[in-house]
**Student:** 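Right, I'll just put the structure down here and ask away after.
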Amino acid sequence: MSDAPAPSAFDAVVIGAGAAGLYCAAVAGQLGVKVLLVDHADKLAEKIRISGGGRCNFTNRDLDPRAPHKHFLGDNPNFCRSALARFTPADFIALVQKHGIPFHEKHKGQLFGDRASEDFIRMLQDECGAGDVAHWQPCSVRELAADGAGYVLQTSRGTVRARRVVIATGGLSIPKIGASDFGYRIAQQFGLRVVPPRPALVPLTFDGEAWAPFAQLAGLSLPVRIETGEKKDRMAFDEDLLFTHRGLSGPAVLQISSYWREGQPLRIDLAPGVDVAGELARAKTRSRKLLANELAQWVPARLAEAWVQQDPAWQRPVNEAGDKALQQLAQRLSRWELVPTGTEGYRKAEVTAGGVDTRELSSQTLESRQAGLYFIGEVVDVTGWLGGYNFQWAWASARACAQAL
Ligand code: FDA
């Protein structure tokens with residue numbers, strides 16, 4: 001990538017050198033577009049670096065571009081269909097293979113690098129190099145204005161003109177590594193609607209006092225079935241749950257958090273696939289074990305121990321427990337209903353749901369109603385499930401846009 005003082009006129013300026021911006025600049029550059037890529041952060045693509053626990057879960061093999069609503073949410077969950085159909089996980093895998101990056105499949109179609117996320121950053125930098133992309137970083141954009149011929153940008157490295165501008169500044173998650181509301185402000189400046197952003201793929205928190213009995217379980221993880229919403233809005237996941245000091249996390253909770261709305265209850269089956277009521281009724285006729293020990297067959301012993309502390313009627317041998325107490329215990333374990341007080345916020349959220357309203361954008365090119373102004377990646381109201389879906393949207397939207405520049 002060239003870092004020389006660049007001329008002040010470009011075909012396109014891409015603002016934000018994260019996953020979407022890097023890939024968009026690279027593809028456009030390789031198609032012959034004269035591109036400038038700018039980013040205000042000191043370090044390049046920090047979010048890719050920390051992604052997937054440092055290994056970058058770069059896509060998901062289970063993504064079905066014909067039915068994106070299965071793995072994406074937003075006011076129009078099918079908006080992303082066109083871009084995802086034209087650049088699939090297999091296409092990105094081919095790029096990764098071309099660069100000789102080793103990877104493996106983990107859980108439910110999730111693909112991770114074998115080494116470090118740095119491999120993917122280097123790959124994107126090399127692709128930008130092949131497209132002769134000019135790259136200014138750190139460089140902040142103070143002002144963006146449209147004139148008849150295109151756009152004028154006032155940046156910390158001088159004035160730049162371009163026919164087209166691509167906003168790839170991501171969402172609000174993890175402010176300490178450079179997240180900003182720049183993209184939403186630019187949308188509003190040009191009269192484009194923004195769906196109110198909110199933290200997603202985020203741990204949920206509970207009232208301190210009510211949570212106190214469970215705080216001791218911090219660090220404990222177990223497979224559960226979790227759900228929220230009613231009828232057609234009902235959403236459920238079978239994943240691992242993690243207890244934290246302030247509430248709940250783990251893949252089950254991160255996934256459901258994107259669908260959870262304030263005030264709504266969560267319902268959790270802590271022993272999925274087990275008929276706890278039937279098992280306890282049978283145990284009553286033949287066992288003298290403490291109820292906590294019976295429960296420990298189906299849930300971790302620490303949880304069983306904490307669980308029975310909630311009711312004195314549960315702190316006795318199963319054969320001495322009343323039928324009603326056993327039924328209540330089974331019911332509560334299989335359908336634990338609780339209302340989170342909030343989320344851990346953008347500090348911990350993996351993504352930001354909401355964003356630039358898809359009704360303002362072309363699903364083919366990602367160009368907005370404001371001619372020559374494009375929005376790609378997480379800044380758009382398209383949010384993927386945990387598991388590589390958000391990166392695949394970044395790559396696919398970047399490519400669709402780059403081909404139109
Ligand atoms: P991204 O956030 O990547 O890039 C935006 C860029 O814009 C940044 O470089 C920022 O500095 C720059 N910028 C912001 N404001 C600016 C301004 N005013 N001026 C100039 N530049 C500005 N997804 C996935 O699919 N698999 C995974 O494994 C993970 N793991 C993961 C872990 C963690 C901890 C987080 C926080 C997130 C993930 N994600 C993920 C989500 C994924 O990282 C995210 O969806 C993509 O990085 C979004 O790509 P974008 O390019 O849109 O934004």
Side-chain angles (χ1 to χ4, degrees), residues 13-25 36-60 63 71-72 89 92 103 106-107 109-113 117 120-121 124 135-144 153-157 165-186 199-203 249 251 254 258 344-353 355-356 366 374-398 401:
V13 177
V14 178
I15 307 177
L22 276 163
Y23 192 50
C24 179
L36 169 65
L37 176 63
V38 301
D39 197 296
H40 69 169
D42 291 331
K43 280 178 88 177
L44 177 65
E46 212 30 25
K47 217 171 257 181
I48 299 181
R49 192 169 287 108
I50 62 172
S51 69
R55 293 262 166 95
C56 189
N57 175 196
F58 58 91
T59 192
N60 194 301
L63 191 156
H71 295 120
F72 290 88
F92 195 76
F103 63 90
K106 251 184 164 171
H107 174 64
Q110 301 167 4
L111 300 188
F112 286 76
S117 302
F120 298 90
I121 300 175
L124 292 165
H135 184 189
W136 296 358
Q137 184 164 0
C139 173
S140 48
V141 178
R142 303 202 179 106
E143 216 181 293
L144 173 65
L153 292 86
Q154 304 300 339
T155 82
S156 54
R157 297 200 193 182
V165 172
V166 180
I167 308 295
T169 47
L172 298 171
S173 313
I174 325 281
K176 73 168 190 246
I177 59 167
S180 80
D181 65 354
F182 182 84
Y184 312 134
R185 279 192 282 118
I186 293 297
L201 297 182
V202 63
S249 186
L254 299 185
S258 299
E344 290 282 6
Y346 292 117
R347 206 173 44 88
K348 291 268 179 81
E350 278 204 12
V351 288
T352 304
V356 177
L366 284 302
Y374 298 71
F375 292 85
I376 59 172
E378 198 180 311
V379 73
V380 178
D381 176 29
V382 170
T383 304
W385 282 14
L386 188 75
Y389 296 98
N390 285 295
F391 275 141
Q392 187 60 33
W393 166 244
W395 318 132
S397 58
C401 170

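Each ligand, and each atom within it, is numbered from 1 in the order the structure gives. In what follows, residues are counted from 1 in the order of the sequence shown.
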**Student:** Measuring centre to centre across the rings, with the benzene-like ring taken for any Trp, is Phe120 within less than 6.0 Å of Phe58?
**Tutor:**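 Ring-ring flag for Phe120/Phe58: true, centres closer than 6.0 Å.
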**Student:** Closest by any non-hydrogen atom to atom 47 (O) of ligand 1: pick that one out of Tyr389, Phe391, Trp136.
**Tutor:**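 Residue with the shortest heavy-atom distance to the ligand atom: Phe391.
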**Student:** Measure the spacing between OG1 of Thr169 and CG of Asp39 and express it to the nearest 0.5 Å.
**Tutor:**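 Thr169 atom OG1 to Asp39 atom CG measures 9.0 Å (nearest 0.5 Å).
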**Student:** Note the single closest protein heavy atom to atom 49 (O) of ligand 1, along with its residue, its atom name and the distance in Å.
**Tutor:**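 Of the protein heavy atoms, Ala19 CB, 3.8 Å lies nearest.
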**Student:** Please write down residue, atom name and distance for the protein heavy atom closest to atom 53 (O) of ligand 1.
**Tutor:**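 Going atom by atom, the protein heavy atom closest to atom 53 (O) of ligand 1 ends up being Gly170 CA, 3.5 Å.
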**Student:** Given Asn57, Ile174, Leu111, Asp42, identify the one with the heavy atom nearest to atom 26 (N) of ligand 1.
**Tutor:** Asn57
**Student:** Could you tell me which atoms of ligand 1, counted from 1 in the order shown, lie closer than 4.0 angstrom to a heavy atom of Gly18?
**Tutor:** 3 (O), 4 (O), 6 (C), 9 (O), 51 (O)
**Student:** Can you tell me which residue and heavy atom of the protein come closest to atom 38 (C) of ligand 1, and the distance to 0.1 Å?
**Tutor:** Glu350 OE1, 3.6 Å
**Student:** Are any of the N/O atoms on Ala20, whether in the backbone or the side chain, positioned under 3.5 angstrom from an N/O atom of ligand 1?
**Tutor:** yes
**Student:** Please give me the minimum heavy-atom distance between Gln137 and Ala17, naming the atom from each residue.
**Tutor:**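 Looking at all heavy atoms of both residues, the closest pair is OE1-CB, 3.8 Å.
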**Student:** For atom 29 (C) of ligand 1, what's the nearest protein heavy atom and its distance?
**Tutor:**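 Looking at atom 29 (C) of ligand 1, the protein heavy atom closest to it is Ser51 CB, 3.7 Å.
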**Student:** Using a 3.5 Å cut-off on N or O atoms only, is Ser180 in polar contact with ligand 1?
**Tutor:**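 Yes.
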**Student:** Run the numbers for me: atoms of ligand 1, each under 4.0 Å from some heavy atom of Ala41, listed by number.
**Tutor:** 11 (O)
**Student:** Which of the atoms of ligand 1 are close to Ile50, meaning less than 4.0 Å from one of its heavy atoms?
**Tutor:**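 Atoms satisfying the 4.0 Å criterion: 34 (C).
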**Student:** With rounding to the nearest 0.5 Å, note down the distance linking CD1 in Ile376 to CG in Leu366.
**Tutor:**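 Going from CD1 on Ile376 over to CG on Leu366, the span is 7.0 Å.
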**Student:** Of all the non-hydrogen atoms in the protein, which one sits nearest to atom 14 (C) of ligand 1, and at what distance?
**Tutor:**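 Looking at atom 14 (C) of ligand 1, the protein heavy atom closest to it is Gly178 O, 3.3 Å.
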**Student:** Which option wins on minimum heavy-atom distance to atom 48 (C) of ligand 1: Glu378, Arg185, His40?
**Tutor:**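 Heavy atom nearest to atom 48 (C) of ligand 1 belongs to Glu378.
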**Student:** Please report the shortest heavy-atom distance between Leu201 and Asn390, naming the atom on each side.
**Tutor:**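 Heavy atoms of Leu201 and Asn390 come nearest at CD1-ND2, 3.7 Å.
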**Student:** Does an N or O from Gly52, backbone or side chain, lie closer than 3.5 Å to an N or O of ligand 1?
**Tutor:** yes
**Student:** Out of Gly16, Gly388, Ala168, Ser173, whose heavy atom sits nearest atom 5 (C) of ligand 1?
**Tutor:** Ala168
**Student:** For Asn390, counting its heavy atoms only, list the atoms of ligand 1 lying under 4.0 Å from any of them.
**Tutor:** 23 (N), 25 (O), 45 (O)
**Student:** Run down the list Ile376, Val14, Asp39, Thr169 and name the one with the heavy atom closest to atom 12 (C) of ligand 1.
**Tutor:** Asp39
**Student:** For ligand 1 and Ala179, I'd like to know whether there is a polar contact (N/O to N/O, distance under 3.5 Å).
**Tutor:** no
**Student:** Give the atoms of ligand 1, by number and element, whose distance to some non-hydrogen atom of Gly377 is under 4.0 Å.
**Tutor:** 52 (O)
**Student:** So how far is it from His71 NE2 to Leu63 CG, rounded to the nearest 0.5 Å?
**Tutor:** 7.0 Å
**Student:** How far does CZ of Arg55 sit from CZ of Phe103, to the nearest 0.5 angstrom?
**Tutor:** 15.0 Å
**Student:** Considering only heavy atoms of Val351, which atoms of ligand 1 have at least one such atom less than 4.0 Å away?
**Tutor:** 41 (C), 45 (O)
**Student:** Compute the centroid of each ring, for Trp393 and then for Tyr389, and state whether the two points are separated by less than 6.0 Å.
**Tutor:** no
